[in-house]
Amino acid sequence: MPDITLETPKTGEKIKMYATTWCGDCRMAKRWFDSHDIPYEYINIEEDDNAAAFVMKVNGGMRTVPTIIFPDGDVLVEPSARDLANKFSR
C-alpha cells in the first residue's frame with residue numbers, strides 16, 4: 001500500500017499517523033480518517049526505522065500503534081473511533 005501524504009486545508013500542516021499494515025487499530029483509524037475526509041500522512045513504522053524510533057520515544061520504549069500526532073501537538077495512541085470523534089468535535 002502506498003503512503004498517503006495530504007496537506008490539511010487550514011494550516012498546511014499534516015496529521016501524522018504512525019502505523020503498521022497488520023494492526024487492526026491502525027486500519028480502524030485509517031478508515032475513520034478516510035470516511036471523514038480528514039487528510040493525514042500514513043507512516044509505516046515497519047518500513048521506516050526513524051519513525052519506529054520516534055514511536056518508541058513517544059510511548060516509553062513501546063512500539064505502540066497507531067500513534068497519531070496532530071498539528072496542534074496533541075498525541076493519540078491506540079484511539080477508539082470515539083476518541084477520534086472527540087478530537088474533532090472540539
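Bear in mind the structure is a predicted one, so any value in this text is a computation, not a measurement.
Here the straight-line distance linking atom CD of E46 with atom OH of Y18 works out to 15.5 Å at 0.5 Å rounding. Once rounded to the nearest 0.5 Å, the distance linking CZ of F33 with CD1 of I68 reads 4.5 Å. With rounding to the nearest 0.5 angstrom, the CE atom of M28 is 10.0 Å from the OG atom of S35.
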Validation: residues 48-62 side-chain donor-acceptor distances under 3.5 Å, sequence neighbours left out:
residue: D48; atom: OD1; partner: N50; partner atom: N; Å: 3.0
residue: D48; atom: OD1; partner: A51; partner atom: N; Å: 2.9
residue: N59; atom: ND2; partner: V55; partner atom: O; Å: 3.0
residue: N59; atom: ND2; partner: T64; partner atom: O; Å: 3.4
residue: N59; atom: ND2; partner: T67; partner atom: OG1; Å: 2.9

Between D25 and V65, is the side chain to side chain contact (heavy atoms under 4.5 Å, CB included) condition met? List the steps. CA-CA 8 Å; D25 289 337; V65 289; over 6 Å; no
Begin from the C-alpha positions of T21 and Y42 and carry the test side chain to side chain contact (heavy atoms under 4.5 Å, CB included) through to its verdict. CA-CA 10 Å; T21 57; Y42 179 93; 4.0 Å; yes
Side chain to side chain contact (heavy atoms under 4.5 Å, CB included) assessment of L84 paired with I38: CA-CA 11 Å; L84 291 169; I38 297 172; over 6 Å; no
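Distance alone, capped at 3.5 Å, places no donor-acceptor pair between the D34 side chain and the R31 backbone.
Within the structure, every pair that satisfies the ring pair (Phe, Tyr, Trp, His ring centres under 6.0 Å) test and touches residues 59-79, not counting sequence neighbours, is listed here: F70-F88.
Looking at every heavy atom in both residues, P66 comes nearest to C23 through CD-SG, 4.1 Å. For the residue pair I15 and P39, the shortest heavy atom distance occurs at CD1-O, 3.7 Å. Of all heavy-atom pairs spanning D74 and K87, the tightest one is OD2-NZ, 2.6 Å. A pairwise comparison of heavy atoms in H36 and W32 identifies ND1-O, 2.8 Å as the closest pair.
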